[in-house]
Amino acid sequence: MQQKHKTLGEFIIENQSEFQYSSGELSKLINALRLAAKVVNHEVNKAGLVDVLGAAGDTNIQGEDQQKLDVLANEKFIQTLSNREIVCGIASEEEDDFISINSNDKNHQNKYVVLIDPLDGSSNIDVNVSVGTIFSIYRRVTPIGTPVTLEDFLQPGRDQVAAGYIVYGTSTMLVYTTGHGVNGFTLNPAIGTFYLSHPNMEFPVDGKIYSVNEGNYIHFHQGVKDYIKYCQQEEGDRPYTSRYIGSLVSDFHRNMIKGGIYMYPKSSVTEQGKLRLLYECNPIAFLAEQANGLAIGGRTRVLDIQPTELHQRIPFFCGSRNMVAKLQEFLEKYH
Ligand SMILES: O=P(O)(O)OC[C@H]1O[C@](O)(COP(=O)(O)O)[C@@H](O)[C@@H]1O
Ligand SMILES: [Mg+2]
Ligand SMILES: [Mg+2]
C-alpha cells in the first residue's frame with residue numbers, strides 16, 4: 001500500500017506547539033514562503049521558454065549583475081510576504097537596504113523579520129543547473145508598533161527562530177528548521193502540494209565529498225590548501241570525491257544527504273570570502289547544526305558571529321562534523 005506522506009500544511013499544524021512563541025504567525029510565514037516557492041518554481045521550470053534568462057541589466061549593491069530570475073524571485077517573495085501581514089521587515093540580497101513593512105503602524109503587531117537570498121546559484125540559471133532560495137527568520141528586537149531598524153536584522157545567527165531553503169532541482173524541495181531538527185518536503189507538481197519526504201535530515205558525521213571552487217586554489221590560505229591536499233591523498237578512505245555545482249543550496253543539500261564538506265574560503269581575490277553572512281551563511285549554518293553538522297567562518301562558529309552590515313561576507317565552511325573538525329585542525333596550524 002503506497003505510504004501516505006504528510007503534507008507540509010499538516011506538518012506545520014502538528015508541530016506548531018513545539019515552537020516556543022507559537023501563535024500561528026510563524027506557521028503563516030512558512031506557508032507564505034511555500035506559496036512564493038511554488039510561483040518561483042513555475043518560472044524556473046519554464047525559464048528557457050519565457051524571457052527570464054540572462055541579465056536584467058542592473059547591478060545589486062554588491063556590484064553583481066542581477067539576473068532576470070534574481071529580480072523576479074525577489075519580487076515574488078517580497079510581494080507574498082508583504083501582502084500577508086505577517087512580517088514587519090524584509091532584507092534581501094537584491095535590495096540595497098532593508099524594507100519596512102508598515103511597521104510603524106501602532107496596530108501592526110507583526111513580530112518577524114525575514115532575510116532572503118531570492119535566487120541562489122545565479123550563475124547556473126541560464127545553463128539549467130539546479131538553483132535555490134534561502135531564508136532566515138528572526139523575531140524583531142525593537143518594540144512592536146515602532147519602525148523596524150537595522151538592529152532587527154543584525155542579530156547573531158544563533159537567535160534565528162527558523163531557516164531554510166528551496167532547491168529547484170530534479171525535484172523541488174523545501175527544507176527547513178524551527179530549531180527542532182531539519183525536515184524536507186518534496187513538491188508534487190501535479191497537485192502543487194509539498195509532502196514530507198525527508199523527515200529528520202542528518203549529516204553523516206563523516207563524508208567523502210569535498211565541494212570548493214578549485215579554480216581559486218592558488219589564492220587560498222595555506223591551511224585550506226593543506227586540507228584540500230589531504231582530501232586528495234591516497235590514504236585510508238581517501239581520496240574523497242570533488243563535487244561542486246556552484247549553487248550553495250544544491251551543494252549543501254547533496255552533502256547533507258551523502259556526507260561532505262562545502263568550502264568558500266577567503267582568498268587574495270575575495271578577501272572576506274564571497275558568501276553573505278545574513279541570508280546565506282546563517283540560515284545554512286542553523287540547518288547544518290540542527291542536522292548534526294558544523295559551520296565555521298574561519299575560526300568562529302558562524303552562528304556566534306555578531307553581524308555589522310546587511311550584506312557582509314565571511315569565509316564559510318560547512319558540513320559533516322568530522323570533516324569540518326579536520327579542516328579546523330589544518331586552519332589552526334597557521335594561527
Ligand atoms: O562561482 P563561484 O565563485 O564558485 O561562486 C559560487 C557560489 O556563489 C553563489 O552563487 C552565490 O550566491 P548567489 O548566486 O545568490 O549570488 C553560491 O550559490 C555559490 O556557492
Ligand atoms: Mg546565494
Ligand atoms: Mg542570490
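One-based numbering, in listed order, for ligands and for the atoms of each. Bear in mind the structure is a predicted one, so any value in this text is a computation, not a measurement.
- Under 4.0 angstrom from ligand 1, there are no non-hydrogen atoms of N216.
- With T133 as reference, I166 is the one residue of V249, I166, N41 to meet the side chain to side chain contact (heavy atoms under 4.5 Å, CB included) rule.
- Counting protein heavy atoms only, atom 20 (O) of ligand 1 is closest to Y262 OH, 2.8 Å.
- For D117, every heavy-atom contact with ligand 1 shorter than 4.0 Å involves the side chain, none the backbone.
- The angle D120:OD1 - the Mg ion (ligand 2) - E280:OE2 amounts to 120°, with values rounded to 10 degrees.
- Residue-level proximity to ligand 1 for F316 is absent, since no heavy atom of it falls below 4.0 angstrom.
- Residue-level proximity to ligand 1 for S122 is carried by backbone and side chain together, each with a heavy atom below 4.0 angstrom.
- For the side chain to side chain contact (heavy atoms under 4.5 Å, CB included) with Y264, the lone residue among V212, N216, D251 that qualifies is N216.
- Here the closest heavy-atom approach between residue R139 and residue Q155 is recorded as O-NE2, 2.9 Å.
- Aromatic pair F98/F153: ring centres closer than 6.0 Å.
- Near S247, meaning under 4.0 Å from any of its heavy atoms, are these atoms of ligand 1: 18 (O), 20 (O).
- The atom name of the N/O/S atom in D117 closest to the Mg ion (ligand 3) is OD1.
- Applying the 4.0 Å criterion to heavy atoms of E280 picks out, from ligand 1, the atoms 11 (C), 12 (O), 13 (P), 15 (O).
- In this structure, K38 places its NZ atom where more than 12 heavy-atom neighbours from other residues, nucleotides or ligands lie under 6.0 Å away.
- At a 3.5 angstrom cut-off on N or O pairs, L119 counts as close to ligand 1.
- Put simply, part of G121 is less than 4.0 Å from ligand 1, judged by heavy atoms.
- None of the N, O or S atoms belonging to I134 lies under 2.8 Å away from the Mg ion (ligand 3).
- Residues S197 and M173 share a closest heavy-atom pair of OG-CE, 3.9 Å.
- The 12-atom threshold is not exceeded at CD of Q272, counting heavy atoms of other residues, nucleotides or ligands nearer than 6.0 Å.
- The atom of E93 that is an N, O or S and sits closest to the Mg ion (ligand 3) is OE1.
- The shortest N/O to N/O separation between Y264 and ligand 1 falls below 3.5 Å.
- Atoms of ligand 1 found under 4.0 Å from any heavy atom of N213, numbered from 1 in the order shown, are 2 (P), 3 (O), 4 (O).
- More than 12 heavy-atom neighbours from other residues, nucleotides or ligands sit within 6.0 angstrom of CZ on R301.
- Taking a cut-off of under 4.0 Å to the non-hydrogen atoms of L248, the atoms of ligand 1 that pass are 17 (C), 18 (O), 19 (C), 20 (O).
- The residue from R276, E64, K274 that puts a heavy atom closest to atom 7 (C) of ligand 1 is K274.
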Problem - Candidate pair F203 and F252, rule ring-ring contact (aromatic ring centres under 6.0 Å, His included), full reasoning - result: CA-CA 10 Å; F203 268 99; F252 175 81; 5.5 Å; yes
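- A cation-pi contact, defined as under 6.0 Å to the ring centre and within 45° of the axis, links K229 to Y217.
- Where the criterion is an N or O separation shorter than 3.5 Å, residue side chain and backbone included, Y244 meets it with respect to ligand 1.
- For N128, the CG atom sits in a loose shell: 12 or fewer heavy atoms of surrounding residues, nucleotides or ligands are nearer than 6.0 Å.
- Judged purely by atom type and a 3.5 angstrom limit, D117 has no side-chain atom pairing as donor or acceptor with the backbone of I134.
- One option in G132, G246, A73 has a heavy atom closer to atom 19 (C) of ligand 1 than any other, and that option is G246.
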